[in-house]
Participant: 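Take this structure, written in structure tokens, and hold onto it; I'll ask about it next.
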Amino acid sequence: MLDKLKEIETTALAALEKVQDESALEAWRVTYLGRSSALMNLFGALGALSKEERPRLGQAANQVKKALEAAFADRAAALKAAALQRSLAGERLDVTLPGRPLPRGRLHPDTQTLREIYRVFGEMGFQVYRAREVETDEYNYQLLNFPIGHPARDMQDTYFLEAEGRGDNPLLLRTHTSPGQIRSMREFSAMNPADPPPVRIILPGMCYRYEQVTTRHETQFDQVEGLAVGPGITFSDLKGTLADFARRMFGQSVRTRFRASHFPFTEPSAEFDVECFLCGGTGCGVCKGAGWLEIGGCGMVHPVVLQNGGYDPARYTGFAFGLGPQRIAMLRHRIEDIRYFWQNDLRFLEQF
Ligand code: DAH
């Protein structure tokens with residue numbers, strides 16, 4: 001009977017070695033430790049033994065049972081650990097993998113230029129003042145000294161929005177930012193009509209003209225208007241301000257010049273040029289051989305305009321200017337076609 005026990009133990013342990021998964025393990029338990037297993041049958045047979053033999057064999061059988069139970073537990077633990085390892089390896093998360101790149105947005109080249117202009121004038125003490133884009137004939141023209149029928153109106157082909165019942169004052173899309181001069185001066189002078197405060201502002205924003213679209217002309221474009229009003233402001237203040245703007249915007253060594261011109265709302269009036277920063281004044285394709293680039297118009301605010309804004313021209317003077325930021329951006333980046341600005345083609349926009 002001892003031999004039989006030994007044999008049961010050896011075969012059971014050998015079979016356990018081959019067990020690879022939980023269902024095979026359960027089958028092994030039923031076969032070798034189950035109620036009808038050889039071992040259990042042997043326990044049943046103990047009763048037939050003599051009093052002397054019974055304890056010795058009983059003890060030996062118990063030892064085999066314990067050994068098989070311990071081996072079973074070990075095997076169960078080993079299988080569980082192996083299963084855990086497998087699932088860890090299979091579902092591994094590599095936290096060191098680089099993340100998926102997020103596409104980065106950027107500012108439109110026009111916005112970039114505008115913000116730089118705001119920064120430069122901000123350093124010189126100019127505030128940004130926003131005026132409306134839908135204007136009346138009165139503000140866009142009449143109060144700026146373009147009466148009805150004035151020939152200078154022909155320069156600004158206008159989108160009229162509503163004329164019926166409005167007489168000589170139709171609604172329109174502003175053709176320039178200059179009507180903001182009247183709006184802002186009226187707002188400031190209303191604060192203290194007897195002694196209006198000085199004005200030092202820039203007025204940026206969209207303007208609209210019924211133009212034929214070409215590489216240089218769009219039906220909508222930005223302007224940055226400037227306005228400074230106060231006692232004793234002179235043309236040299238205007239020159240100094242714009243020359244300083246050009247130096248801060250294009251570089252300390254850039255030269256500037258003023259050419260006599262005409263605008264109804266300034267007297268005297270001038271065009272403002274900067275030295276071509278590409279060729280340094282010798283002449284190239286960008287400046288068309290001139291060596292100079294036109295940046296905008298300017299002048300001393302016309303007395304009629306001051307009056308219309310609520311500023312007494314006997315006590316106050318002022319200067320104004322109008323810059324074309326798209327033009328500045330085109331010159332700086334050598335953009336050859338103004339139509340790129342509003343086409344929203346990423347191949348263009350992503351270059352800035
Ligand atoms: N409003 C003018 C235009 O659109 C630009 C301009 C010229 C504005 C001279 C000014 C100025 O303030 O002084 O053509």
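Whatever order the structure lists ligands and atoms in, that order sets their numbers, starting from 1.
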Participant: Taking NZ, NE, NH1 and NH2 as the nitrogens, is one of them in E26 or R29 under 4.0 Å from a carboxylate oxygen of the other?
Facilitator: yes
Participant: Considering the heavy atoms of G299, write down every atom of ligand 1 situated less than 4.0 Å from one of them.
Facilitator: 13 (O)
Participant: Using every non-hydrogen atom in the two residues, find where P196 and G310 come nearest and quote the distance to one decimal.
Facilitator: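 The answer is CG-O, 3.7 Å.
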Participant: Go through the steps for F321 and F272 under the test ring-ring contact (aromatic ring centres under 6.0 Å, His included), then give the verdict.
Facilitator: CA-CA 9 Å; F321 56 83; F272 173 56; 8.4 Å; no
Participant: Report yes or no: does a heavy atom of M155 sit under 4.0 Å from some atom of ligand 1?
Facilitator: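 Contact absent.
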Participant: Can an N or O of E225 be found at a distance shorter than 3.5 Å from an N or O of ligand 1?
Facilitator: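 Right, the criterion is met.
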Participant: Please identify which atoms of ligand 1 are closer than 4.0 Å to at least one heavy atom of Q181.
Facilitator: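 That gives atoms 12 (O) of ligand 1.
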Participant: Measure the distance from atom 2 (C) of ligand 1 to every protein heavy atom, then report the residue, atom name and distance (to 0.1 Å) of the closest one.
Facilitator: F265 CZ, 3.8 Å
Participant: Within the structure, is a non-hydrogen atom of F319 found at a distance of less than 4.0 Å from ligand 1?
Facilitator: no
Participant: May I ask you to decide whether E91 forms a salt bridge with R86, counting only side-chain N to carboxylate O separations under 4.0 Å?
Facilitator: no
Participant: I'd like to check which ligand 1 atoms, numbered from 1 as shown, lie under 4.0 Å from a non-hydrogen atom of G297.
Facilitator: 7 (C), 9 (C), 11 (C)
Participant: For ligand 1, which is the ligand I care about here, please tell me if F321 has any N or O atom under 3.5 Å from one of the ligand's N or O atoms.
Facilitator: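 Between F321 and ligand 1 (N or O atoms, distance only) the closest approach is under 3.5 Å.
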Participant: In terms of atom number and element, which parts of ligand 1 are under 4.0 angstrom from non-hydrogen atoms of S178?
Facilitator: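 Answer for ligand 1: 1 (N), 8 (C).
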Participant: At what distance is the nearest protein heavy atom to atom 5 (C) of ligand 1, and which residue and atom is it?
Facilitator: G322 CA, 4.3 Å
Participant: Are D195 and R315 within salt-bridge range, i.e. N to O under 4.0 Å?
Facilitator: yes
Participant: For ligand 1, find out whether one of its N or O atoms is nearer than 3.5 Å to an N or O atom of H176.
Facilitator: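 By distance alone, the answer is yes.
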Participant: Taking the non-hydrogen atoms of H262, is any one of them nearer than 4.0 angstrom to ligand 1?
Facilitator: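 H262 does not count as a contact of ligand 1 under the 4.0 Å cut-off.
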Participant: Are side-chain heavy atoms of I338 and H217 found at a separation under 4.5 Å?
Facilitator: no
Participant: Can a salt bridge be assigned to the pair K4 and E7 using a cut-off of 4.0 Å between side-chain N and carboxylate O?
Facilitator: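 Result for this pair is no, no salt bridge flagged.
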Participant: Considering the heavy atoms of T266, write down every atom of ligand 1 situated less than 4.0 Å from one of them.
Facilitator: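 Counting from 1, the qualifying ligand atoms are 13 (O).
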Participant: Can you name the atoms of ligand 1, numbered from 1 with element, that are less than 4.0 Å from a heavy atom of A320?
Facilitator: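 In order of number, 12 (O), 13 (O).
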Participant: Using 4.0 Å as the upper bound for N to carboxylate O, is an ion pair formed by D157 and R209?
Facilitator: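 No.
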Participant: Between R183 and E135, does any side-chain N to carboxylate O distance fall below 4.0 Å?
Facilitator: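 E135 and R183: salt-bridged.
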Participant: Which of the numbered atoms in ligand 1 are under 4.0 angstrom from any heavy atom belonging to R209?
Facilitator: 3 (C), 4 (O), 14 (O)
Participant: What atoms of ligand 1 come within less than 4.0 Å of a heavy atom belonging to Q223?
Facilitator: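 It comes down to these atoms of ligand 1: 3 (C), 4 (O).
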Participant: Less than 4.0 Å between a side-chain N and a carboxylate O, is that true for D345 and R339?
Facilitator: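 No, R339 and D345 are not salt-bridged.
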